[in-house]
Amino acid sequence: MTDQLKKLLLGEQGLVVIFIVAFALVSLLVPNFLTDRNMLGLLQSVVTVGIVACTMMFCLAARDFDLSVGSIVAFAGMVAVMASNYIGSILLGLVAAIACGAFVGFINGVVIAKFRINALITTLATMQIVRGLALIASDGRAVGINSPDFYQLALSKFLGIPTPIWVLAVLFGIFGFVLNRTVFGKNTLAIGGNPEASRLAGVNVDRTRIWIFALQGVVCGIAGILLASRITSGQPNAAVGLELSVISACVLGGVSLAGGRATMSGVIVGVLIMGIAENAMNLLNIPAFYQYIVRGVILLLAVLLDNLRSSALGRR
Amino acid sequence: MTDQLKKLLLGEQGLVVIFIVAFALVSLLVPNFLTDRNMLGLLQSVVTVGIVACTMMFCLAARDFDLSVGSIVAFAGMVAVMASNYIGSILLGLVAAIACGAFVGFINGVVIAKFRINALITTLATMQIVRGLALIASDGRAVGINSPDFYQLALSKFLGIPTPIWVLAVLFGIFGFVLNRTVFGKNTLAIGGNPEASRLAGVNVDRTRIWIFALQGVVCGIAGILLASRITSGQPNAAVGLELSVISACVLGGVSLAGGRATMSGVIVGVLIMGIAENAMNLLNIPAFYQYIVRGVILLLAVLLDNLRSSALGRR
Amino acid sequence: QDTKIGFIVKQPEEPWFQDEWKFADQAAKEKGFTLVKIGAEDGEKLMSAIDNLGAQGAQGFIVCTPDVKLGPGIVAKAAANNLKLMTVDDRLVGADGKALEDVPHMGISATKIGEAVGQAIVDEMKARGWKADEVGAIRVSYDQLPTAVDRVEGAISVLKANGFKAENIFDAPQAKTDTEAALNAATVVLNAHADIKKWVSFGLNDEAVLGAVRASESVGIPADGMIGVGIGGADSAINEFKKPAATGFVGTVIISPKRHGYETALNMYDWVANNKEPEKLILTSGALAKRDDYQKVRQGLGIQ
Amino acid sequence: MSFLDFSRITKTYPGVKALSDVSFGVARGAVHGLMGENGAGKSTLIKILSGDQHADAGEIRIDGKVQAYSSTRDAFDNGVIVIHQELQLVPELTVAENLSLGRFPASAGIIAGRRMLDEVGAKLKSAGIDIDISRKVKTLSIGERQMVEIAKAVMLDARVIALDEPTSSLSSRESEILFALIDRLRAEGKVIIYVSHRLDEVFRLCDSLTVLRDGKLAAHHTSLEGVTRDQVVAEMVGREISDIWGFRPRKSGDVRLKVDAVSGAKLKTPASFEARAGEIVGFFGLIGAGRSELMRLVFGADPRSGGAISVDGKVVHATDPHGAIRAGIVLCSEDRKHDGIIQGRSIEENINISSRRHHARFGVLNRANEIATAETFIKKLKVRTPSRKQDIINLSGGNQQKVILGRWLSEQGVRVLIVDEPTRGIDVGAKSEIYELLYQLAEDGMAIIVVSSELPEVMGICDRILVMCGGRIGAELTRDQFAEKTILAAALPDTKTPDAIAS
Ligand SMILES: Nc1ncnc2c1ncn2[C@@H]1O[C@H](COP(=O)(O)OP(=O)(O)OP(=O)(O)O)[C@@H](O)[C@H]1O
Ligand SMILES: Nc1ncnc2c1ncn2[C@@H]1O[C@H](COP(=O)(O)OP(=O)(O)OP(=O)(O)O)[C@@H](O)[C@H]1O
Ligand SMILES: [Mg+2]
Ligand SMILES: [Mg+2]
């Protein structure tokens with residue numbers, strides 16, 4: 001191995017390099033994979049996970065945990081549809097959805113930061129409560145959208161690429177910048193790395209945590225709106241189990257559950273790996289039961305490779 | 001408040017005291033709650049969660065995480081039924097089920113401890129793989145039990161109390177003892193408190209972690225057998241989402257996700273609170289959608305009360 | 001050019017859908033087309049699955065949707081990918097709640113199945129000589145799922161029409177759709193009404209009713225004190241009939257996965273390959289199978 | 001006229017009265033020493049000053065104004081900076097980010113990276129601290145981290161600066177940098193509170209001195225003129241200690257530990273040395289000399305890349321601490337927070353974690369024995385605690401150190417005891433007890449290796465000193481060859497004369 005190659009593989013961006021290699025392999029081996037249509041379909045399929053992963057990254061980096069994302073996404077989608085139908089204005093409907101998401105996130109944050117209740121339990125509780133509200137509001141049935149303009153959110157294209165993918169890309173950009181270049185991002189990493197030291201250094205730990213959860217809520221609201229538009233209805237049962245996919249994507253992307261470590265590029269790779277795995281399995285027509293096994297093995301391989309890489313690097 | 005009462009409430013066993021008060025209240029307010037039949041029904045309904053919580057407690061106390069328990073329970077149940085049918089001996093079938101559980105747990109442990117792969121990802125992967133195996137083995141169908149003796153595991157009674165409840169009680173006893181009175185238990189807590197310091201203090205950290213996961217597998221095997229006997233068939237779709245219930249019960253019972261803290265009495269209380277909540281809600285005939293909300297609120301209240309208690313105590 | 005047809009189902013792990021796929025495969029083998037089977041548990045996965053089919057160059061697909069309200073979205077997505085669309089089991093509806101009649105459909109209405117269950121229960125009660133007001137009914141419910149609501153409501157309507165009192169029908173909400181959850185929920189109902197000795201039960205599927213039957217056994221109600229009638233007729237029900245002694249699980253309403261799988265696939269193939277448009281609506285019916293005649297019933301439905 | 005006033009400060013923790021009714025004042029431009037036994041309440045007082053803890057009663061006044069802080073942030077804003085006893089750094093961030101944490105230079109929330117580097121760089125340069133500020137803190141050694149921590153003192157324009165045992169993991173060279181810094185701050189008219197267990201430092205730096213004992217004010221000297229060391233020790237401990245080393249010559253036996261050309265990832269040059277039964281061998285060196293690295297290799301805490309280790313002639317094959325302990329080698333690490341204490345667990349468990357395997361049967365604990373061991377060492381090492389069940393995290397720094405020492409002193413069958421900075425943060429009184437214990441163990445035939453950055457300590461208690469410098473063992477001196485100058489000369493990597501530092 002030449003020195004340059006070694007440096008590339010073992011450097012900060014090593015995960016990205018591994019990913020690119022894997023991507024090239026899949027493109028070669030899986031028929032129909034590397035086509036415009038499939039690429040767009042693939043990207044659209046990771047929009048929800050990808051959007052929510054942006055803020056989940058912050059949450060995990062600050063040593064917190066959020067299980068309520070799936071419920072908030074479903075709830076926000078319901079609100080977007082019902083409010084749009086009721087008010088008759090899509091814009092106001094969207095605002096209402098994002099406001100609801102932010103509100104739930106804010107409540108999460110306050111309970112966790114101020115009352116010092118375990119994040120797992122708190123968000124498990126709001127996960128149930130919010131899902132219950134979504135079910136009650138709709139009587140357990142999907143709610144249709146009155147105005148067809150609503151579908152345009154997901155269907156419209158810009159430069160040939162559907163709007164949701166643009167939204168995802170923009171959010172990746174914004175949160176990557178926020179993580180590395182702003183006081184908020186550094187404070188988040190510091191809190192996760194050493195909460196006590198951050199507090200003693202004068203970081204307003206409680207406020208930062210509340211902000212993280214509120215932002216998470218806003219982002220879930222956006223994801224919920226796009227999802228509702230994509231599936232052309234508000235569904236109270238949508239996005240069940242989303243939390244696990246999002247957290248896995250983040251962890252796969254190198255975010256440490258022990259806090260203090262996160263990169264946007266890692267998270268993007270994590271999200272894409274999961275999306276590509278699903279996509280390729282369906283293209284290869286792998287039977288449903290075997291998909292479980294393949295999914296598990298891919299997860300293991302991905303982290304194993306990354307571990308080998310970083311232990312070759314001598315980091316522990 | 002008299003001093004004695006204060007001491008009782010704020011002491012080690014404060015959570016238990018709160019629980020007893022809550023139990024008394026529910027008994028008074030919910031008709032049909034405090035009857036022999038309902039109590040036995042309640043206890044039987046928490047058998048699976050309770051059994052698995054015994055070892056999940058160790059897992060969390062050592063700062064690990066196990067998402068694969070639900071899959072292992074289903075898989076072990078399938079193995080118990082299929083092996084019994086095939087070999088024609090129930091005993092050997094049970095041994096096979098427990099061995100399979102132990103094997104999966106062992107693999108989890110080795111991958112996590114030796115290859116140093118994140119526990120969340122590893123067990124998420126085995127969760128998928130094992131569920132896939134269970135589905136493939138049975139072609140996705142429930143497998144019936146040939147010998148009716150198998151049902152007796154769940155239906156038989158001793159002193160008027162069904163066997164599964166005895167098994168649960170015995171396991172609570174054993175693991176309570178192991179946690180507090182054995183080197184293994186103390187090492188587990190030490191690893192959770194500070195893994196590096198424990199290693200330098202001569203604790204064989206890797207081996208202890210492998211043991212914890214293997215034990216978790218054994219216990220899931222037992223739970224799977226009892227469940228299969230209870231529903232008189234091996235079902236590949238059983239126990240989906242069990243991991244979340246078990247982890248919540250543990251956390252509710254004061255097990256710290258940051259490791260190093262766990263008590264058996266706490267976990268028992270956590271398991272019972274969750275069981276009682278479900279039971280009482282059904283007795284009160286609360287509509288399904290509102291149950292979500294009540295469940296969430298109870299979770300929050302339980303930890304909030306415990307927090308108030310321990311912050312009154314001045315601990316942080 | 002090869003013919004490629006997609007078959008998307010909402011719960012790929014369920015035996016019912018496994019069977020649909022199996023019979024569709026049979027059609028594929030006979031006619032020599034490629035069948036792409038994809039599971040899509042929610043709306044988002046479904047949309048991705050349709051895109052995925054488009055990318056693979058399929059010409060049409062059959063779908064059992066996770067939610068009927070996805071109708072307009074599915075139609076739009078199929079059109080965008082230039083795919084022919086048929087539905088099975090669950091019929092798509094528009095935003096206004098009316099069925100999308102343009103989309104060819106094969107299925108059975110959830111309410112109808114529920115009514116068949118109710119009728120089976122009523123018949124068995126008559127055979128046992130039970131009076132309606134001494135009997136309790138366990139409604140194993142999973143209200144999150146609209147189909148589940150329709151099925152149990154169908155059963156209840158028949159019970160009520162036959163003199164069952166509304167206050168004797170007790171709700172046992174299951175937290176998940178597996179047998180253990182149904183068992184736990186039903187146990188609570190049984191224990192809360194220890195004075196009632198005769199019970200009937202119905203629910204979303206066989207697994208739900210089996211839970212109620214297990215619960216009755218665990219609280220000591222004999223087999224002749226329980227009438228459970230399930231829906232589905234796959235192995236969990238058959239296993240029950242194979243048991244040496246009769247249990248409270250009296251019967252199950254079998255819907256034929258053969259017609260739903262084989263015929264839809266065949267129709268889609270004809271549409272794609274021979275441009276022969278299928279009938280807009282084909283309604284199938286369920287058949288009650290009991291311990292003594294289940295083999296015959298299954299054979300009659302073309303499954304074995 | 002005092003600038004900073006503590007008035008009737010009282011603080012109670014459950015079961016412990018940490019401070020009762022403490023009052024004293026400090027003048028502007030003065031360095032004020034704060035001394036006392038472990039657990040006397042020094043850190044608690046400092047924490048109250050920093051706004052981290054709140055006093056139950058009493059008040060703090062600066063320049064006559066009563067200070068009421070609700071957070072550490074308020075304290076900064078009022079010009080109070082505290083360097084805590086335990087390192088408070090974020091390992092994943094760089095030095096510059098750690099030093100700017102809580103007050104990043106930013107506009108509209110966006111960090112001005114260049115400006116941050118410039119500012120931090122300039123501040124450190126003027127303070128004479130030489131650290132690469134773009135390195136992540138996790139790659140620094142303990143000593144280097146301590147310097148980063150100290151650098152916080154110059155990051156803000158403070159009126160009051162409190163340093164809680166800043167030199168406990170520094171060697172003399174780094175300490176000199178700190179002392180120069182303190183002199184400069186004093187000249188600028190700041191008030192400096194200086195907590196230390198090292199009498200030399202206190203007498204060298206301080207203008208005035210307060211001694212705490214059991215949370216109460218034991219003595220207050222507005223000037224150190226005429227105050228003797230023995231007097232201060234007596235005020236602290238309540239008795240006279242004539243010779244804290246109390247060295248007792250011993251006969252040494254056969255070679256116990258033989259380390260042959262051992263090397264590892266962080267110690268490239270192979271190192272060899274021996275220790276005999278009954279011998280106390282000292283390892284001296286400056287920060288980063290590689291002493292801790294060497295000891296970790298011997299103990300198997302880090303993987304060895306080459307070399308062999310034998311105990312009593314038998315080769316030790318084990319490559320992990322677990323195996324090393326069973327072969328009779330134990331190591332008490334220098335980083336007690338990361339490698340020593342087990343948070344959330346009691347003193348009793350922290351002491352027994354390793355030694356319990358001797359009396360546990362079939363894996364079941366022998367409770368009586370555990371309690372007895374814990375009680376014995378709490379008494380022997382004078383751990384100040386309300387009960388053996390106390391969570392170790394609630395102990396004062398020095399008391400935590402004693403508990404960790406207790407863990408290793410209670411081990412049985414030890415042949416080689418390695419202690420890395422054993423008396424870090426421990427008070428004078430307890431130190432002499434610990435030395436006494438070491439002598440006893442040596443007399444019983446143990447080989448003891450003491451790694452220390454405190455020159456008087458290695459000279460005071462060791463039979464032989466090995467000096468490390470730049471990752472290799474340089475000089476070796478027997479007790480009759482001990483001389484400050486020679487030792488320091490061997491420890492210094494460059495040709496600078498040792499006189500500059502030995503003075
Ligand atoms: N959070 C806490 N909970 C309970 N007790 C505490 C807590 N913090 C400190 N203490 C107790 O208060 C007393 C004073 O502790 P402090 O840390 O101020 O001592 P110190 O003088 O700094 O000692 P050292 O020289 O060892 O650092 C000790 O007995 C300690 O055990
Ligand atoms: N985790 C690490 N990563 C990179 N370099 C390290 C790490 N730990 C220590 N070093 C470097 O290794 C060298 C040796 O450090 P070591 O701790 O062994 O020295 P020491 O003689 O024990 O001094 P002291 O313990 O007093 O700092 C130092 O220069 C230090 O910067
Ligand atoms: Mg202190
Ligand atoms: Mg050192």
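Each chain gets a letter, A, B and so on, in the order its sequence line appears, and its residues count up from 1. Since the structure is predicted, the reported quantities are computational estimates derived from the model, not experimental observations.
Taking a 6.0 Å sphere around OH of Tyr13(D), one finds it holds more than 12 heavy atoms contributed by other residues, nucleotides or ligands. With a 6.0 Å radius and a threshold of 12 heavy atoms from other residues, nucleotides or ligands, Arg304(D) has its CZ atom above the threshold.
Of the listed residues Asn180(A), Asn194(A), Asn204(A), the one with more heavy-atom pairs under 4.5 angstrom with chain D than any other is Asn194(A). Put simply, of Gly193(A), Gly192(A), Ala190(A), Gly185(A), the one with the most heavy-atom pairs under 4.5 Å next to chain D is Ala190(A). Ranked by heavy-atom pairs under 4.5 Å with chain D, the list Ser256(A), Pro195(A), Ala197(A), Ser198(A) is led by Ala197(A).
Between Phe104(D) and Asn187(A), the shortest heavy-atom distance links the atoms CE1-OD1, 3.7 Å. When all heavy atoms of Val183(A) and Ala106(D) are compared, the pair lying nearest together is CG2-CB, 3.6 Å. Here the closest heavy-atom approach between residue Thr72(D) and residue Arg199(A) is recorded as OG1-O, 2.8 Å.
With contacts defined as side-chain heavy-atom distances shorter than 4.5 Å, the pair Val203(A)/Leu101(D) qualifies.
The one candidate from Lys47(D), Arg73(D), Glu86(D), Gln88(D) that meets the side-chain contact (heavy atoms from CB on, under 4.5 Å) condition with Leu200(A) is Gln88(D). Partner Glu92(D) forms a salt bridge (charged side-chain N to carboxylate O under 4.0 Å, His left out) with one of Lys186(A), Arg63(A), Arg261(A) and no other, that one being Arg261(A).
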Candidate pair Val90(D) and Leu189(A), rule side-chain contact (heavy atoms from CB on, under 4.5 Å), full reasoning: CA-CA 9 Å; Val90(D) 183; Leu189(A) 289 170; over 6 Å; no

